[in-house]
Novice: 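First the structure, which I've put down as structure tokens, then a few questions once you've had a look.
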Amino acid sequence: MGNEATLLAVEGVTKAYPGVVANDKVSFSVAPGEVHALLGENGAGKSTLVKMIYGLVRPDSGRMVWKGAPYEPATPHAARSTGVAMVFQHFSLFEALNVAENVALGMENPPPMRQLSVRIREVSETYGLPLDPDRLVGELSAGERQRVEIIRCLLQDPKLLIMDEPTSVLTPQEVDILFETLRKLSAEGTAILYISHKLEEIRSLCNSATILRLGKVVGTTNPRESSARELAEMMVGQTLHTPNRESADLGEIVVELTNLSIKSANPFGTSLKGVTLSVRQGEVLGIGGVAGNGQDELLAALSGEALSTPSAIKFKGKSIGNLGPNARRGLGLLAAPEERLGHAAAPDMSLTENAALTGTIRRNLASKGFLRWGAVEDFAKEIIANFDVRTPGPDNAARSLSGGNLQKFVIGREVLQDPDVLVVNQPTWGVDASAAASIRQALLDMAAKGAAVICISQDLDELMEISDRFAALNEGRLTPPRPAKGLTVDEIGLMMGGAHDMEVAHVDA
Amino acid sequence: MLTLERRPSPSRMWTMLTPPLAVVLTMVAGAVLFAFLGKNPVEAIRTIFWDPVFGEFAFYYRGQLLVKAAPLILIAIGLSLGFRAGIWNIGAEGQYIVGAICGAAVGLAFYPTENSLVFPLMILAGAIGGWAWAMIPAALKVLFGTNEILVSLMLVYVAEAMLASASSGLLRNPDGMGFPGSRNFKDFPAAHNDYLIESAGIHWGVVAALIAVIFAYILLSRHLLGFQIRVTGQSPRAARFAGVNPSRLILFCLGTSGALAGLAGLFEVTGPAGQISIDFNSGYGFTAIIVAFLGRLHPIGILLAGLLMALTYIGGEAAQSTLGLPASAVQVLQGMLLFFLLAVDVLTNFRIRLGKTEAA
């Protein structure tokens with residue numbers, strides 16, 4: 001391209017970190033009003049690229065051009081004053097302050113509070129992002145918090161808005177609201193750089209896409225003219241392996257939760273309120289919901305990290321609510337938490353030691369209280385071999401593995417213990433597409449052999465792909481599970497509590 | 001410019017190399033310090049680090065080495081278990097004192113019975129005394145979530161007051177013409193922790209320290225409980241997920257370190273110190289904290305660190321008497337040892353590179 005209508009051109013930018021080239025001679029350009037997607041698997045170099053544009057990281061070589069002039073932001077401050085704004089995946093907001101105060105904290109020269117509140121109302125109405133400047137951020141939903149971040153950016157009147165995986169925390173209805181806003185901004189001439197690996201979103205929103213793989217640009221395309229499958233194959237560099245579900249006959253009920261209520265151990269957590277569900281042998285129960293609605297607490301209640309009244313949780317008819325994690329492992333109820341480093345695995349310990357973390361009981365890795373390290377190492381090697389964990393060997397520390405590889409190890413560790421029930425939380429979070437496919441396949445294989453799987457996830461596509469039945473968590477309450485086949489996006493959105501947000505959206509605007 | 005770069009895994013080589021490097025750096029910095037004090041730096045360093053082991057009077061000093069090192073090692077081994085699990089017993093000095101008082105009291109109650117069961121009974125009493133003193137912070141932490149650092153430290157001062165009271169009251173030598181201090185255990189063979197091999201300075205406390213090193217080594221490397229201790233220290237949430245009961249671990253770690261500190265106190269008071277007196281404790285409970293970290297909380301490391309620390313004590317005393325070095329200069333030297341160890345620790349987790357700094 002390189003015509004005078006270009007807002008930002010990135011030309012041959014390279015950035016290397018020890019052992020990995022994050023960006024290798026990357027070039028692309030964005031025109032005013034263009035919605036440009038940066039597409040790629042985790043680790044493809046998307047984040048590094050936008051961090052360079054936002055002045056957080058400096059390129060080793062190559063150059064960037066802003067409206068025809070060299071652009072070398074040394075700090076985010078410099079980037080902002082040029083007209084670049086960024087909404088991060090993880091919010092940086094203070095829960096104890098209200099919306100206006102949070103916005104003021106992120107501004108270079110905040111106007112007086114009253115004036116700022118008026119400005120916030122104006123901007124939020126103009127762009128259809130309903131937000132009350134006087135509400136405490138601690139009371140807002142994830143979608144509303146994101147609006148605070150977006151409005152903070154919009155008040156700076158940016159020419160280029162960078163959005164890093166903005167929809168990962170939103171319900172389908174909130175996604176629609178966000179997309180309306182982004183289209184409006186684009187129509188007014190603001191360029192948008194949109195990072196995602198959700199292909200359908202990109203196809204509906206963006207008018208051009210740069211696809212990255214292993215730090216290199218592997219393609220530039222108009223996503224509206226390519227199918228999701230084509231895009232995915234460019235991203236992954238191989239033909240996608242779609243899991244196919246062998247329908248198994250459902251057997252006996254193995255796990256039954258009856259009116260389970262547990263107060264969250266974390267003061268900012270969500271307490272479980274009257275959760276009722278049952279899972280049969282051979283069944284995959286998918287549990288959706290926006291992050292922070294009780295997912296961690298439900299996993300802890302099932303794994304035995306949080307105890308309840310004995311009869312609230314039954315395993316094959318036996319009351320187990322008061323049993324700890326190891327007693328439940330002995331029975332055949334296993335779990336894999338969401339947070340890999342520090343919860344599912346100890347970061348500085350070797351893979352062998354991490355294999356002993358949950359495997360000693362069912363794999364008989366200890367005798368008379370003494371660990372049989374030889375057997376533990378064999379178990380670790382078995383996980384590495386069967387689940388294609390890329391690591392030099394079982395002596396390596398857990399934190400030296402990439403997220404996807406460690407996730408394969410964590411899931412493999414539980415699957416190879418041959419559980420009757422496996423509970424997983426976000427099994428493919430931050431995992432690249434091919435690893436995610438193999439993890440899902442492993443879960444489906446287990447179910448096909450007669451195990452029950454409870455899969456808690458925020459990835460709806462994943463849940464629709466593997467679940468027999470679907471339920472959603474909303475503020476610690478679980479909707480009654482419904483057969484997954486035939487559920488529409490709108491129905492799922494309503495189950496996840498999207499209706500509530502829609503109401504707010506219309507009343508406040 | 002120099003930049004630090006995080007290693008993907010901690011370097012095994014540097015884990016082994018940093019302690020000797022810290023010792024060398026301490027010697028260099030110590031030499032500079034002594035030179036400023038107007039002493040011959042080479043001679044001072046030789047007096048402290050070389051002469052006690054290889055010098056003219058080494059035959060005397062070598063025995064002293066084990067005598068000083070044994071209580072440090074015994075206490076540090078106990079502390080290291082808790083430190084590994086993130087349970088911070090800072091009050092070993094108090095548990096050491098209470099163990100000594102309890103053990104000595106049991107022995108003195110039998111005076112002058114000559115029975116071979118007296119000493120084993122005293123050992124038991126010493127361990128129980130230290131254990132009970134450590135159970136106070138442990139129970140408060142488990143029941144009410146109090147901070148064990150503060151509670152265990154405060155109890156040191158309570159224990160010191162109890163020691164003063166015991167030596168001038170309850171346990172005072174009835175034949176001591178009113179002077180504070182208990183009977184001397186040298187005059188009570190059944191209760192005396194005598195040298196087993198005098199020239200080497202080996203008494204029952206040295207034997208106990210070696211046994212503790214071996215047990216701790218096996219516990220940490222082979223046993224499930226040791227594994228749980230290590231997981232808890234590295235990642236408490238992963239430990240809970242692995243089924244560790246935090247309360248039981250607190251009781252075990254504080255209890256064990258208390259019992260070992262109590263044992264150390266008992267062996268000291270019935271052996272090298274000889275009697276309960278207001279100041280028989282020489283700060284071993286605090287110095288053991290340095291020993292535990294100097295030894296990287298590893299049993300073998302603690303064994304070596306205990307010997308090294310004992311060396312600086314003995315060499316330091318020799319340097320005070322022969323070269324007139326001030327006592328505080330020797331303490332500064334000991335402090336520098338820990339300081340340099342923590343400083344060079346950076347090399348275990350980071351590597352140093354020459355190059356441009358990265359914009360944050």
Side-chain angles (χ1 to χ4, degrees), chain A residues 17-19 51-52 55-58 60 73-76 265 299-300 303-306 323-330 335-337 339-350 353-354 356-361 365-373 376 392 395-401, chain B residues 3-15 84-86 145 215-249 252 296-298 345 348-360:
Chain A
Y17 289 109
K51 278 182 188 162
M52 287 190 284
L56 282 166
V57 172
R58 282 211 231 181
D60 295 338
T75 59
L299 182 113
S303 72
E305 289 162 274
L323 297 183
N326 281 333
R328 295 188 193 194
R329 285 189 184 109
E339 185 68 44
R340 294 180 281 260
L341 286 174
H343 192 183
D348 287 319
M349 287 189 146
S350 70
E353 289 170 306
N354 272 299
L357 205 61
T358 69
T360 44
I361 294 168
L365 301 177
S367 61
K368 292 178 183 144
F370 286 91
L371 281 156
R372 301 191 292 127
W373 282 117
V376 178
D395 292 340
N396 283 66
R399 74 168 152 89
S400 71
L401 268 65
Chain B
T3 50
L4 286 175
E5 189 180 289
R6 194 172 168 82
R7 296 176 191 271
S9 298
S11 157
R12 290 249 167 95
M13 185 185 78
W14 279 109
T15 312
R84 282 262 185 134
F215 266 84
Y217 184 82
I218 295 173
L219 177 77
L220 286 172
S221 62
R222 302 254 154 229
H223 200 272
L224 263 176
L225 184 62
F227 181 64
Q228 292 189 342
I229 287 173
R230 291 193 290 133
V231 179
T232 304
Q234 292 213 348
S235 171
R237 209 160 158 223
R240 267 199 82 86
F241 176 61
V244 176
N245 180 335
S247 300
R248 280 219 320 249
L249 209 63
F252 172 81
R296 317 207 140 261
L297 307 181
H298 187 283
D345 246 6
T348 314
N349 281 311
F350 295 86
R351 70 178 115 228
I352 296 177
R353 277 170 73 98
L354 285 165
K356 274 194 315 194
T357 38
E358 181 71 53

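Chain letters run A, B, ... following the sequence lines, proteins first, then strands; residues in each count from 1. Not measured: the values here are computed from a predicted model.
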Novice: Do you know the tightest heavy-atom contact between B:R237 and A:E305?
Specialist: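 For B:R237 and A:E305, the tightest heavy-atom pair comes out as O-OE2, 4.2 Å.
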
Novice: Tell me, side chain or backbone of A:A398 under 4.5 Å from chain B's heavy atoms, or both, or neither?
Specialist: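 Answer is neither: A:A398 stays 4.5 Å or more from chain B.
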
Novice: Which of the residues A:G369, A:A356, A:G324 is involved in the greatest number of heavy-atom pairs with chain B at under 4.5 angstrom?
Specialist: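 Looking at each option in turn, the highest pair count goes to A:G369.
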
Novice: Salt-bridge test for A:E353 and B:R230: reply yes if a basic N is under 4.0 Å from a carboxylate O, no otherwise.
Specialist: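 B:R230 and A:E353: salt-bridged.
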
Novice: Count the heavy atoms belonging to other residues, nucleotides or ligands that lie under 6.0 Å from OH of B:Y217, then report whether that count exceeds 12.
Specialist: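 It does not: B:Y217 OH has 12 such atoms or fewer within range.
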
Novice: Just how far is it from atom CG of A:N354 to atom OG of B:S235, taken to the nearest 0.5 Å?
Specialist: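 Result: 8.5 Å between the selected atoms.
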
Novice: Given the options A:S303, A:P337, A:G304, which has more heavy-atom pairs under 4.5 Å with chain B than any of the others?
Specialist: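 Of the options given, most contacts go to A:P337.
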
Novice: With sequence neighbours excluded, tell me which residues meet side chain to side chain donor-acceptor pair (under 3.5 Å) with A:R328.
Specialist: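 So A:R328 forms no side chain to side chain donor-acceptor pair (under 3.5 Å) with any residue.
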
Novice: Cation-pi check, A:R340 to B:F241: give yes when NZ or CZ is under 6.0 Å from the six-membered ring centre and within 45° of the ring axis, no otherwise.
Specialist: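 Relative to the ring axis of B:F241, which defines the angle, A:R340 lies outside at least one limit.
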
Novice: Contact part of A:R372 toward chain B, heavy-atom cut-off under 4.5 Å: side chain, backbone, both or neither?
Specialist: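 Looking at A:R372, nothing touches chain B.
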
Novice: Can you name the closest pair of heavy atoms from A:L357 and B:A238 and give their distance?
Specialist: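 Between these two residues, the closest heavy atoms are CD2-CB, 4.2 Å.
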
Novice: Show the nearest heavy-atom pair for residues A:A366 and B:L224, with the distance to one decimal.
Specialist: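 Scanning both residues completely, I find the closest heavy atoms to be CB-CD1, 4.0 Å.
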
Novice: Surrounding CZ of B:R84 (heavy atoms of other residues, nucleotides or ligands, distance under 6.0 Å), is the total greater than 12?
Specialist: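 More than 12 heavy atoms, drawn from other residues, nucleotides or ligands, come within 6.0 Å of this atom.
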
Novice: Just so I understand: if I count every heavy-atom pair under 4.5 Å between each of A:G359, A:P347, A:P325 and chain B, which residue has the most?
Specialist: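 So the answer, after comparing A:G359, A:P347, A:P325, is A:P325.
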
Novice: Test of understanding: with side chain to side chain donor-acceptor pair (under 3.5 Å), list the residues that count as partners of A:T358, not counting sequence neighbours.
Specialist: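 By the side chain to side chain donor-acceptor pair (under 3.5 Å) rule, A:T358 matches A:R413, A:E414, A:Q417.
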
Novice: Specify which of A:K51, A:E339, A:M349 makes the most heavy-atom pairs with chain B at under 4.5 Å.
Specialist: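 The residue among A:K51, A:E339, A:M349 with the greatest pair count is A:M349.
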
Novice: Looking only at non-hydrogen atoms, find the nearest pair between A:F370 and B:I218 and report the distance.
Specialist: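 The answer is CE2-CG2, 3.8 Å.
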
Novice: Name the member of A:L341, A:T75, A:D348, A:L401 that forms the most heavy-atom pairs with chain B at distances under 4.5 Å.
Specialist: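 Sorted descending by pairs with chain B, the first entry is A:D348.
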
